There are 2 protein chains.
Amino acid sequence: MALKSDLSLDIDKISSDTMADVVEMRLRDYFKKKSFKPGDALPKEQELAEALGVSRNVLREALSRLRMLGMIETKKKRGMILSSPDVLGGFQRVLDPLIISPDALQDLFELRLILEMGLADVLFLNLNDKSIRELEIIANSEKKKNKEAFRIANEIAFHGKLYEMAGNDTLKRFQHMLLPVFGFVLQVENEFLSGSVSHQDLVEILKSGNKNDFRNGMYEHLKPHFDRLEALKKIN
Amino acid sequence: MALKSDLSLDIDKISSDTMADVVEMRLRDYFKKKSFKPGDALPKEQELAEALGVSRNVLREALSRLRMLGMIETKKKRGMILSSPDVLGGFQRVLDPLIISPDALQDLFELRLILEMGLADVLFLNLNDKSIRELEIIANSEKKKNKEAFRIANEIAFHGKLYEMAGNDTLKRFQHMLLPVFGFVLQVENEFLSGSVSHQDLVEILKSGNKNDFRNGMYEHLKPHFDRLEALKKIN
DNA sequence: CAAATGTTTTTGTACTACATAAAAACGAGT
DNA sequence: ACTCGTTTTTATGTAGTACAAAAACATTTG
């Protein structure tokens, strides 16, 4: 191990990185070093390419990545400007249950449970009568129809509303992106159970209970999922 | 609203998208439609470019994006294969406190609090003596040195260990990426308070308490941050 | 002075050419 | 027939040129 460590100090690790990979990093470093802020104008492609010693082609492959992430915006003639990227943009593009690894899928499933269990405190900070009433309407509309498709849509609406009530837009979007993953895992397991605490029960707790009541209620509501987790953990 | 809706159905929104943007989407759709799975080989660049009616240049700009996200891997001669992207890769690239918007920064700060509050259940599912002992060592090492830099490093080590103990690798990495954001917000606010429940107290709870004890303890530990949140919410 | 028109500049797209790496095919020697 | 080494083939990686398109800027003209 010591030998290997010494070696890795002496010999540069061969990088199978392409020029585009390198340029991407170099551009990032450049922005940081120059402490560019969103809105600042960047040099034109020609100059950047020459400064980096690469073809404009390669440079554009790197720029294309940054543009996808929303880090830069470009307009003809006016050039490029650094901009505030959407923090979830890159995440969203990758969140396809069919291509991400089963392990990551399982992790994300857990992540959603953790989020909902941790939501109570921030939720109670933002609570107001109006949003509780809106939530109640969603909860009450469940009894009327019993079709499976509607039940799922309603499930999504209810939990989505909870996130919305927490007043954290990023979190809300995050949850929304996680929905397909959650649905996919459950679909694979062919399991769509509901806990002993209903949506309507949760609404009642929001009206007259406290944070701890809500947490406990949410746990019971999600209990089947936690049971499933526990069973999985025991196998491994 | 209805009129606008009808219009947007009839008239295609003018897209200032570049060809690379379009090609990126088209490739995504193509992978889905063909239900390619990770490991499957993809057509070569030439063929794809011709099929899409764009230059190989543009195609490569789109491929460069997908490659960055880990969706595809390419090797000379052998061609490209679809692969399982790292779900957090795209997120990590964008998570620079200096360029993301203040609103998103605040959202992410809250998100970390939510995660730690929600951690209890999954944490208790994975609890074992060995990891508790390791956590205790971290907590006990705090008293010895009091230097600020060390305190911060220890704070990170302790909370990081908690995430690790939850046995969710994605979550652990997520937390690790969130650290700079957390530190940045606190640094800006020039506030580095600690709650009434210490790390050592939390370890004791893990040893002899239950989930609810831990949640309450964690809340008290994070209390200064929640107080700060509450103050912010009242202003708005 | 204002509107129309032309000019310039920078990004966007296409095409060609060649370098490079790696698999595949081939061939010599035992 | 089998192994080792060499050559060929082929797909990606990089460079360079050319031109289209759009937008800011300059100029002309009523």
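Order of the sequence lines fixes the chain letters, A, B, ..., with proteins taken first and strands second; residue numbering starts at 1 for each chain. On a predicted model such as this, the values are computed, not experimentally measured, just so you know. Quick note: numbers below take in every heavy atom, side chains included, and nothing from hydrogens, waters or symmetry partners.
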Practice task
Would you indicate, yes or no, if D:dG13 has its OP1 or OP2 atom less than 4.0 angstrom from a side-chain nitrogen or oxygen of B:Thr74?
Solution key: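 Yes, within the criterion.
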Handout entry: Electrostatic pair A:Glu164:A:Lys161 at N-O distance under 4.0 angstrom
Key = yes
Handout entry: Contact check, side chains of B:Ile99 and A:Pro85, non-hydrogen atoms, under 4.5 Å
Key = yes
Using whole Å, report how far [atom1] of [X] lies from [atom2] of [N].
{"X": "A:Arg60", "N": "D:dA15", "atom1": "CZ", "atom2": "P", "answer": "15 Å"}
{"X": "A:Asp17", "N": "D:dT12", "atom1": "CG", "atom2": "P", "answer": "19 Å"}
{"X": "A:Met19", "N": "D:dA15", "atom1": "CE", "atom2": "P", "answer": "6 Å"}

Exercise for the section: Anything under 4.0 Å to a heavy atom of chain A counts; send over the first and last such nucleotide of DNA chain C, read 5' to 3'. Expected result: C:dT9 to C:dT13
Exercise for the section: Could I get the full list of ring-ring contact (aromatic ring centres under 6.0 Å, His included) partners for B:Phe182, not counting sequence neighbours? Expected result: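 With neighbours one apart ignored, the set is B:Phe109, B:His225.
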Exercise for the section: Would you check if the side chain of A:Asp107 reaches a backbone N or O of B:Asn168 as a donor-acceptor pair within less than 3.5 Å? Expected result: no
Practice task
Without swapping roles, check the side chain of A:Ser83 against the backbone of A:Gly70 for a donor-acceptor pair under 3.5 Å.
Solution key: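 Confirmed, A:Ser83 side chain pairs with A:Gly70 backbone.
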Problem - Base D:dG16 to side chain A:Asn57, donor-acceptor N/O within 3.5 Å cut-off - result: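 Answer yes: a donor N or O sits under 3.5 Å from an acceptor.
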Practice task
Report the C-alpha separation of A:Ile100 and A:Val94 in whole Å, then their side-chain angles, then the decisive distance to 0.1 Å, and conclude whether the side-chain contact (heavy atoms from CB on, under 4.5 Å) test is met.
Solution key: CA-CA 8 Å; A:Ile100 65 181; A:Val94 155; 4.2 Å; yes
Handout entry: Listed partners of A:Glu24 passing salt bridge (charged side-chain N to carboxylate O under 4.0 Å, His left out), at least two apart
Key = A:Arg28, A:Arg65, B:Arg93
Handout entry: Partners meeting salt bridge (charged side-chain N to carboxylate O under 4.0 Å, His left out) with A:Arg78 (sequence neighbours left out)
Key = none
Exercise for the section: Establish, from distance only, whether the side-chain atoms of B:His159 and B:Gln175 form a donor-acceptor pair under 3.5 Å. Expected result: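 Short answer, no.
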Handout entry: Distance-minimising heavy-atom pair for A:Tyr163 and A:Leu171
Key =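 Heavy atoms only, the tightest pair is CD2-CG, 3.6 Å.
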Practice task
For the pair A:Phe174 and B:Phe174, name the ring-plane relationship: parallel under 30°, tilted 30 to 60°, perpendicular over 60°.
Solution key: parallel
Exercise for the section: May I ask you to list the residues of residues 42-56 of chain A, by number, that have any heavy atom positioned under 4.0 Å from an atom of DNA chain D? Expected result: A:Gly53, A:Val54, A:Ser55, A:Arg56
Fill in the blank from the handout: Sorted by number, residues from residues 75-82 of chain B placing a heavy atom under 4.0 Å from DNA chain C are B:Lys76, B:Lys77
